[in-house]
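Each remark here refers to the structure printed beneath this line.
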Protein chains: 2
Amino acid sequence: MATAGDWIDRLPDVALERSSTVERVADMLRGHIIDGALAPGTRLSEERISRKFRVSRNTLREAFRLLGHERLLVHEFNRGVSVAKPDADDVADLFRFRRALELAALRGAADAPPGAVAAVQEAVSSGEAARERGDWWGIGTANMHFHRAVGALLGSPRADETMRQLLAELRLVFHVMAAPRDFHAPYLDRNREISGLLAAGRHGAAADALAVYFDDAERQLLDAFTALGTG
Amino acid sequence: MATAGDWIDRLPDVALERSSTVERVADMLRGHIIDGALAPGTRLSEERISRKFRVSRNTLREAFRLLGHERLLVHEFNRGVSVAKPDADDVADLFRFRRALELAALRGAADAPPGAVAAVQEAVSSGEAARERGDWWGIGTANMHFHRAVGALLGSPRADETMRQLLAELRLVFHVMAAPRDFHAPYLDRNREISGLLAAGRHGAAADALAVYFDDAERQLLDAFTALGTG
DNA sequence: GATTGAAGTATTGTTCCACAATCCAACGAC
DNA sequence: GTCGTTGGATTGTGGAACAATACTTCAATC
């Protein structure tokens, strides 16, 4: 009879994660920010929020630090925190960063971890399904998943985390815009095209297509910003 | 006579930054970690450190959150924080991420912000100066500056911050190794070569040279790790 | 009328303390 | 040697307190 070690050794040694209050608070706030329930620029009072969530100011402040590091909150000394309010420079920065990461991911997709390409295709399909349902918010979410899946082609957990942050910030950008509802829909077909090129092993062509995508999307966002600035 | 507004408008509107206790504590800890004064794996007691630094546990914990988000500290629930101890997987991850960023930066160097190429060359020179002096630690620092300067070719503050974090983690990797003293020196000549190609506008060639650099450096680090594992 | 000064108020930054929850090491029972 | 149990140490969280700073208001001045 084999020893118990054989069986135990096959188990994935992941530490089962319990959640601290700080992380739950951070998750909740992050969700509200990404959903748009907290408008960019909103000041967050330690007093009131800690009372609302029934947590101590200490705990809340630790959560604020986390979200500040993710750039979803901005922390001004002696003035507290407020929801980040990205401007045109931020949009340009985000796209520069995304270009570097996602294009590199597509170009090097030959070394992608197993299942990563399939994940990209699933994200595309889920976006199309959302379009069928007329679920505009779902389209946006699926689009985010698409780009996260593209970034995941790099096979780097750290890059994944960075992508997650960048896309969360991008959601903030959409909330600054006037009409984010039907922003993503036109890009669904492009996602399908890129996904197809990727699956066909035409990595360079996929990257080129995504580059054009980025140019158009960035211009569209920047136009929306200048429209806001002058309006 | 012109109004005072003319003169004021010309001033750069940077908010003069005051430092909070949390940030000073975080800076200090970060410095100790990067310098190697705090060995990877070291447990950090809230009690003792807060007494040592004469700050409250709350303030210290906020600093811990920051450094945890930078992956310099690992936070285990109910077990406190300890200095991160990168393993071979982390090294592979760091290099995957760096490859994506730095190679993209070199390939797209045509769009680099003004002065960015010069900064790369300065970093190389400062490394060579450190070699003249026999300043081994200085060589390592200059090498970090070189790679940060390469990343800065992207012209993205967010990417800069990410590069800073990745390189800080990499310093941790060196501390896990046995003899980090003369690790960097052999790469000085490569930096010079890459810098030269970059300045000559041969961006693709520069990126190719850096790719080989990465392959060699990663292999060397991974070998050092497996040597540790078996020894 | 606009700007400056000087209150007073509200909020944040930081410290300190208390206590429950959890971990960890030691010890002993089987 | 494995399994409870016990007790001490550390972390997680809450809460109060106070100093430091920002914001508001209003009067005084030019």
Side-chain angles (χ1 to χ4, degrees), chain A residues 1-9 13-29 38 41-69 72-85, chain B residues 1-9 13-29 38 41-69 72-85:
Chain A
M1 174 184 171
T3 65
D6 291 337
W7 180 77
I8 294 176
D9 288 344
D13 53 344
V14 285
L16 54 94
E17 52 203 56
R18 288 157 304 176
S19 61
S20 70
T21 304
V22 172
E23 281 167 37
R24 279 196 303 273
V25 170
D27 286 344
M28 171 147 292
L29 284 173
L38 288 170
T42 308
R43 281 277 292 276
L44 302 184
S45 158
E46 296 184 353
E47 244 282 318
R48 294 176 53 187
I49 295 183
S50 66
R51 257 211 323 270
K52 195 64 162 180
F53 287 176
R54 311 290 182 85
V55 298
S56 76
R57 274 181 64 208
N58 296 326
T59 300
L60 183 62
R61 285 173 60 93
E62 286 187 35
F64 280 173
R65 292 282 176 191
L66 284 182
L67 297 174
H69 208 275
L72 294 182
L73 296 180
V74 290
H75 188 156
E76 290 171 297
F77 194 71
N78 274 321
R79 248 174 288 184
V81 301
S82 50
V83 179
K85 194 174 186 173
Chain B
M1 174 182 172
T3 66
D6 292 339
W7 179 77
I8 293 176
D9 288 344
D13 53 345
V14 286
L16 54 93
E17 53 202 54
R18 289 157 303 178
S19 61
S20 71
T21 305
V22 171
E23 281 167 36
R24 281 197 302 274
V25 170
D27 287 345
M28 170 147 293
L29 284 174
L38 288 169
T42 307
R43 280 278 291 275
L44 303 184
S45 159
E46 297 184 354
E47 243 284 311
R48 294 176 53 188
I49 295 183
S50 65
R51 260 213 318 273
K52 195 63 159 181
F53 287 176
R54 311 290 182 85
V55 298
S56 76
R57 271 181 66 208
N58 295 327
T59 299
L60 182 62
R61 284 173 60 93
E62 286 187 35
F64 280 174
R65 291 283 178 189
L66 284 182
L67 297 174
H69 208 276
L72 294 182
L73 296 180
V74 290
H75 188 157
E76 291 171 295
F77 194 71
N78 274 319
R79 247 175 290 185
V81 301
S82 50
V83 179
K85 195 174 186 174

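In the text below, chain A, chain B and the rest are named by the order of the sequence lines, each starting its count at 1.
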Would you indicate what L44(B) reaches in the nucleic acid, counting non-hydrogen atoms under 4.0 angstrom: base, sugar-phosphate, or nothing?
sugar-phosphate
Residue among K52(B), R61(B), R79(B), R51(B) satisfying salt bridge (Lys or Arg N to Asp or Glu O under 4.0 Å) with E46(B):
R61(B)
Return the CZ to CD distance between R65(B) and E23(A), rounded to the nearest 0.5 Å.
6.0 Å
T21(B) side chain N/O closer than 4.0 Å to the phosphate oxygens (OP1, OP2) of dT14(C)?
yes
Nucleotide dT11(C), atom P - distance to CZ of R51(A) in whole Å
10 Å
In whole angstrom, give the distance that lies between atom CZ of R61(B) and atom P of dT14(C).
16 Å
Any donor and acceptor pair, going by atom type alone, linking the side chain of R57(A) with main-chain N or O of S50(A) inside 3.5 Å?
no
Base, sugar-phosphate, or nothing: which does R54(B) touch, judged by heavy atoms less than 4.0 Å apart?
sugar-phosphate
Atom pair distance, as rounded to whole Å: CG in N58(A) and P in dT15(C):
11 Å
For a quick check, tell me whether the side chain of R57(B) and the base of dG12(D) share a donor-acceptor pair closer than 3.5 Å.
yes
Can you tell me how far CG of L60(B) sits from CG of L29(B), rounded to the nearest 0.5 angstrom?
6.5 Å
Residue pair S45(A)/N78(B) against DNA chain C: nearer the 5' end by closest nucleotide is S45(A)
Output the rounded distance in Å from CZ (R24(B)) to C1' (dG13(C)).
11 Å
Rounded to the nearest Å, what distance is computed from the CZ atom of residue F64(A) to the P atom of nucleotide dT12(C)?
8 Å
Can you tell me the distance, in whole Å, between the CZ atom of R79(A) and the P atom of dA20(D)?
19 Å
In whole angstroms, how far is the C1' atom of dG13(C) from the CD atom of E47(A)?
14 Å
H75(B) side-chain N/O to dG12(D) phosphate OP1/OP2 under 4.0 Å:
yes
Can you check the R43(A) CZ to dA10(C) C1' distance for me, whole Å?
11 Å
Per side-chain contact (heavy atoms from CB on, under 4.5 Å), L67(B) is matched among L44(B), L73(B), V74(B) by L73(B)
Taking the nucleotide of DNA chain D with the nearest heavy atom to each, does V81(B) or F77(A) sit closer to the 5' end?
V81(B)
For dT14(C), take OP1 and OP2 only and decide whether either is under 4.0 Å from a side-chain N or O of T59(B).
no
